[in-house]
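Remarks on the structure that follows.
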There are 2 protein chains.
Amino acid sequence: MRRREHMFDKVVTPSDVGKLNRLVVPKHFAERHFLPQLLPAAGLAAARLAGAVLRFEDSRGGGRAWAFRFSYWSSSQSYVMTKGWSAFVRDRRLAAGDTVSFCRAGARLFIDCRRRRGIPPPAAPKPFVPFMGLVATAQRTTSDEARRQFVRLFGVDLEVAGADEPPVLLDLQLALMR
Amino acid sequence: MRRREHMFDKVVTPSDVGKLNRLVVPKHFAERHFLPQLLPAAGLAAARLAGAVLRFEDSRGGGRAWAFRFSYWSSSQSYVMTKGWSAFVRDRRLAAGDTVSFCRAGARLFIDCRRRRGIPPPAAPKPFVPFMGLVATAQRTTSDEARRQFVRLFGVDLEVAGADEPPVLLDLQLALMR
DNA sequence: GAACTCACCTGGATC
DNA sequence: CGATCCAGGTGAGTT
């Protein structure tokens with residue numbers, strides 16, 4: 001058997017292992033590694049990708065085979081694996097932060113994954129939006145990260161005006177009720 | 001050009017201008033004014049609505065054109081405008097309580113909107129977002145206007161708690177980022 | 001009819 | 001900056 005070459009890795013996101021049942025394949029990897037496989041000669045002809053199936057062997061001992069539908073979502077300009085993917089997630093208990101790894105040996109494709117290393121993720125305290133407030137002029141009591149999170153969630157920024165106020169050390173918490 | 005006939009108005013809800021990116025079109029208006037347009041002869045055949053696009057001219061001077069995807073959501077049994085709608089909301093800075101207005105002249109459709117008049121309806125005591133830890137007890141420095149703006153934007157109200165904090169003279173400003 | 005699947009859509013982040 | 005990418009959603013169809 002030919003030597004196994006590494007193609008690419010992806011650290012999976014919460015969406016990749018969640019209810020969306022799809023893995024987003026970063027475009028440059030998809031176009032470098034999967035498209036040539038599927039379209040041996042011609043140009044992209046993305047339309048022909050409809051229904052394409054990629055088959056992988058499990059790098060683990062079992063030699064189990066996996067089949068994933070691979071397609072291009074033109075609305076989001078991205079490549080995805082859909083059908084079959086969630087079975088892999090379940091079987092391997094893939095979690096956000098883990099890494100999936102794709103290799104090949106000639107025409108044979110292989111998939112593997114490994115557990116995340118290092119610090120477990122910021123254990124999303126969901127219903128709660130931890131918000132540390134704000135800022136005064138002199139003393140910015142809040143991390144920019146917290147602030148950006150607020151902006152991301154609500155689409156607006158909060159700003160505290162009143163430069164002559166004593167710097168305040170407030171810790172704000174915002175709980176979404178519904 | 002034919003005379004412009006008024007079709008219907010809707011006072012938009014917080015959801016209509018919020019993150020759901022859709023306008024709910026009251027069913028009787030949808031079936032009276034839009035369905036005949038899309039299904040000139042036949043019965044409802046809701047399936048044929050998939051992907052229907054309605055094009056409107058802006059009643060404002062510019063004559064700008066708007067295209068909205070119009071469809072039926074069987075889960076909620078309601079007609080909606082989806083794709084394209086949020087662009088209109090942004091462009092016109094449409095806010096909850098404002099009115100959108102639909103007219104036609106022959107086959108041409110027109111859209112317009114107008115600002116809410118009068119006092120904003122008693123700040124819809126929606127689900128409450130308890131906002132803990134902040135600010136003025138005796139002295140509520142957050143202007144009511146800022147607060148109403150928040151309610152308008154998010155459809156929820158904020159409550160300030162933390163009676164034992166030293167009264168702070170902060171002025172919370174909501175600054176729209178975009 | 002609940003759960004799953006999938007094509008479509010949007011906005012934040014980034015280049 | 002405008003354009004692109006992609007993470008996170010949605011509804012509709014299927015099982």
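The model shown is predicted, which means the values in this text are computed figures rather than measured ones. So you know, we letter chains A, B, ... as the sequences are listed, proteins then strands, and number each from 1.
- For D91(B), the side-chain contact (heavy atoms from CB on, under 4.5 Å) partners two or more places apart in sequence, or in a different chain, are R64(B), W66(B).
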For nucleotides 3-5 of chain C, list the nitrogen or oxygen atoms of the protein found under 3.5 Å from its nitrogen or oxygen atoms, one pair per line.
{"from": "dT5(C)", "atom 1": "OP2", "to": "N21(A)", "atom 2": "OD1", "distance (Å)": "3.4"}
{"from": "dT5(C)", "atom 1": "OP2", "to": "S86(A)", "atom 2": "OG", "distance (Å)": "3.3"}

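- For W73(B) and dG11(D), the shortest distance from a side-chain N or O to OP1 or OP2 is not below 4.0 Å.
- Scored by the side-chain contact (heavy atoms from CB on, under 4.5 Å) test, R93(A) finds no partners at all (sequence neighbours excluded).
- Among residue pairs with one or both ends in residues 18-27 of chain A, those qualifying as salt bridge (Lys or Arg N to Asp or Glu O under 4.0 Å) are D16(A)-R22(A); sequence neighbours excluded.
- Legend: residues meeting ring pair (Phe, Tyr, Trp, His ring centres under 6.0 Å) with F8(B), ordered by chain and number and at least two apart, are F29(B), H33(B), F34(B), F102(B).
- Distance, F68(B) CZ to dC9(C) C1': 16 Å, rounded to whole Å.
- Taking R32(B) as the reference, nothing meets the salt bridge (Lys or Arg N to Asp or Glu O under 4.0 Å) condition, with sequence neighbours excluded.
- Atom P of nucleotide dC8(C) and atom CG of L20(B) are separated by 22 Å, given to the nearest angstrom.
- Remark: S76(B) pairs with S78(B) by the side-chain hydrogen bond (donor to acceptor under 3.5 Å, both in side chains) rule, at least two apart or across chains.
- If you chain together ILVMFWY residues whose side-chain heavy atoms come under 4.5 Å of each other, V11(A) ends up in a group of its own.
- Between D98(B) and R92(B) there is no salt bridge, since no side-chain nitrogen of the basic residue lies less than 4.0 Å from a carboxylate oxygen of the acidic one.
- Spacing between atom CZ of F70(B) and atom P of dG11(D) amounts to 16 Å, rounded to whole angstrom units.
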Protein N or O to nucleotides 4-7 of chain D N or O, pairs below 3.5 Å:
{"from": "dC5(D)", "atom 1": "OP2", "to": "K27(A)", "atom 2": "NZ", "distance (Å)": "2.9"}
{"from": "dC6(D)", "atom 1": "OP2", "to": "K27(A)", "atom 2": "N", "distance (Å)": "3.1"}
{"from": "dC6(D)", "atom 1": "N4", "to": "S76(A)", "atom 2": "O", "distance (Å)": "3.2"}
{"from": "dA7(D)", "atom 1": "OP2", "to": "K10(A)", "atom 2": "NZ", "distance (Å)": "2.8"}

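- Among the atoms of the strands shown, none is found under 4.0 Å from any heavy atom of G84(A).
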